[in-house]
Amino acid sequence: MTDKKKSPITRFVAWFTKQTVLWSGLMIGIPVLLAALWIGLLIWIWDTPDINEKFSDPANAKLSRSEKGAMLAEAITYQFRRRLDDQGSWVPNDLVVFFDRNAACAAGIKGEPGGIWYMTTEIFEVFSDRTARIGGSSQDDSRLTNAAKKFNYDPRRWGISWLGGADSEHEYALGFEDFDDYVSDLQAGKAVSNVRPDDLAALLAEIGGQNGAMDKIYSRLNDAQKVPPKERRQRVYSAICASAVAADTLSIIRSAYATDFEQDSLAALDEAIRDLYRVSQLYPPVVLNGADDSLWLVNHARNIAAIMSATFDPVLDAARSLPGGEVAR
């Protein structure tokens with residue numbers, strides 16, 4: 001039956017049905033599409049620290065001294081470099097209010113250093129000062145010394161060199177040029193990797209010791225209930241990201257230098273690494289942006305602080321089990 005032969009009522013019903021289906025699809029489809037785009041944007045913005053399995057590979061124990069040193073250097077700087085390289089550099093800018101989670105991880109907010117940036121610079125200073133001596137002398141490798149200085153540049157000066165002075169993006173790039181040059185020479189056997197047990201103890205003490213990098217992150221988190229909700233949330237973000245850097249460093253120390261430790265200390269160290277990695281993956285963006293009395297901002301801030309503090313003793317026990325590690329506290 002052609003449309004002309006159909007009754008007006010039939011044609012109206014057909015037209016109305018088509019319009020209903022069309023507009024229903026649009027009314028349902030557009031919100032679904034927008035929701036999908038928004039979720040995708042959240043996933044892109046709320047970037048979760050990456051877990052690199054090669055840092056925990058037992059085969060690392062069979063590497064040469066130089067290869068172990070190169071991988072230790074890579075593990076310490078892994079999260080820092082990844083944030084610089086991924087998603088348009090520091091996800092983008094990280095200083096915009098909307099990106100406060102990323103800023104708390106990277107650049108820091110309200111004078112508090114970002115979790116990834118702070119942990120990396122603190123641990124890397126110990127690494128550059130102790131583990132790359134030139135020959136038997138006390139002279140540091142100048143490339144690592146320079147890289148440590150460049151990495152310590154104020155992250156809040158990101159992309160603003162036109163206002164005068166250096167730009168942190170440029171400074172970090174220069175730091176990685178020296179860093180990569182050192183690592184390349186190390187892998188080729190042309191540089192020194194002098195990671196002794198007492199050097200490992202110093203690195204562990206920086207992670208789990210009193211007044212070390214993690215202790216300062218923990219103290220800020222433990223006092224989070226004394227600050228406004230937004231600042232409390234930023235401290236939680238910072239602690240999550242700091243845990244990833246600590247876990248990466250502990251993983252490579254555990255896998256590459258396991259024979260330097262007393263066997264009894266390794267099981268507890270493994271548990272500490274698992275706990276820190278577990279903290280590093282806690283990123284439900286909607287819940288984390290809840291009200292002051294939400295599940296996260298009060299109870300979970302305390303829970304994260306408790307998990308972090310529980311890792312300190314195993315890390316220090318591992319440090320003390322090393323020759324020269326008795327001073328770790």
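The model shown is predicted, which means the values in this text are computed figures rather than measured ones.
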Taking W117 for its side chain and N152 for its backbone only, find out whether a donor-acceptor pair lies under 3.5 Å.
no
Side chain T311, main chain A272, donor-acceptor under 3.5 Å
no
Does any non-hydrogen side-chain atom of D248 lie less than 4.5 Å from one of S251?
no
So CZ of R254 and OG of S56: to nearest 0.5 Å the spacing works out to 10.0 Å
dist S66:OG -> M71:CE (nearest 0.5 Å) comes out at 13.0 Å
Establish whether I51 and L269 are linked, either directly or via other cluster members, by ILVMFWY side-chain heavy-atom contacts under 4.5 Å.
yes
State whether the side chain of E206 and the backbone N or O of A213 hold a donor-acceptor pair below 3.5 Å, judged by distance alone.
yes
Do the side chain of R235 and the main chain of R220 share a donor and acceptor less than 3.5 angstrom apart?
yes
Heavy atoms, side chains only, cut-off 4.5 Å: are T121 and E125 in contact?
no
Any side-chain heavy-atom pair from D57 and E53 closer than 4.5 angstrom?
no
Rounded at 0.5 Å granularity, tell me how far CG in N211 sits from OG in S219.
8.0 Å
In short, G69 meets S193 closest at the heavy-atom pair CA-OG, 3.3 Å
Give a yes or no on whether the backbone of D50 and the side-chain of Q79 come within a donor-acceptor separation of less than 3.5 Å.
yes
Do D198 and L322 make a side-chain contact, defined as non-hydrogen atoms from C-beta onward lying under 4.5 Å apart?
no
Between the side chain of S321 and the main-chain N/O of A318, is any donor-acceptor distance below 3.5 Å?
yes
Below 4.5 Å, heavy atoms only, C-beta onward: do D185 and R143 meet side chain to side chain?
yes
K150 to Y172 six-membered ring, cation-pi geometry met (6.0 Å, 45°):
no
Taking S265 for its side chain and F261 for its backbone only, find out whether a donor-acceptor pair lies under 3.5 Å.
no
d(R81 CZ, I76 CD1) to nearest 0.5 Å is 13.0 Å
How close do L316 and G209 get, counting heavy atoms only, and between which atoms?
CD2-CA, 3.6 Å
Looking at R196 and D260, is there a salt bridge between them, counting it only when a charged N and a carboxylate O are closer than 4.0 Å?
no
Between the main-chain N or O of F55 and the side-chain N or O of S255, is there a donor-acceptor pair closer than 3.5 Å?
yes
Is there a path of hydrophobic side-chain contacts, each under 4.5 Å between heavy atoms of I, L, V, M, F, W or Y residues, that connects F151 with L174?
no
Can you confirm if the aromatic rings of Y182 and F179 lie within a centre distance of less than 6.0 Å?
no
Going by the salt bridge (charged side-chain N to carboxylate O under 4.0 Å, His left out) test, name the single residue among R65, K68, R130 that passes it with D199.
R130
For side chain to side chain contact (heavy atoms under 4.5 Å, CB included), just list the numbers for C241 and I116, CA-CA rounded to whole Å, side-chain angles, deciding distance to a tenth of an Å, and then say yes or no.
CA-CA 5 Å; C241 291; I116 286 178; 3.5 Å; yes
Here the pair of heavy atoms bringing M214 nearest to A242 is SD-O, 4.1 Å
Y218 and F312 aromatic ring geometry - parallel, tilted or perpendicular at 30°/60° bounds
perpendicular
Once rounded to the nearest 0.5 Å, what's the spacing between atom CG of L250 and atom CG of L204?
6.5 Å
Under 3.5 Å, side chain of S184 to main-chain N/O of D181, donor-acceptor pair present?
no
Under a 4.0 Å N-O cut-off, is there an ion pair linking K54 with E74?
yes
Any chance you could measure I273, atom CD1, to L266, atom CG, to the nearest 0.5 Å?
9.0 Å
Does a side-chain heavy-atom distance below 4.5 Å link N60 with L63?
yes
Contact summary for I217 and S238, nearest pair of heavy atoms:
CD1-OG, 3.9 Å
L72 vs L203 side-chain heavy atoms within contact, under 4.5 Å:
yes
So, the side chain of T77 versus the backbone of F80: is there a donor-acceptor pair under 3.5 Å, distance only?
no
Is there side-chain contact between L186 and E67, with at least one heavy-atom pair below 4.5 Å?
no
What pair of heavy atoms forms the shortest contact from L221 to A239, and how long is it?
CD2-CB, 3.8 Å
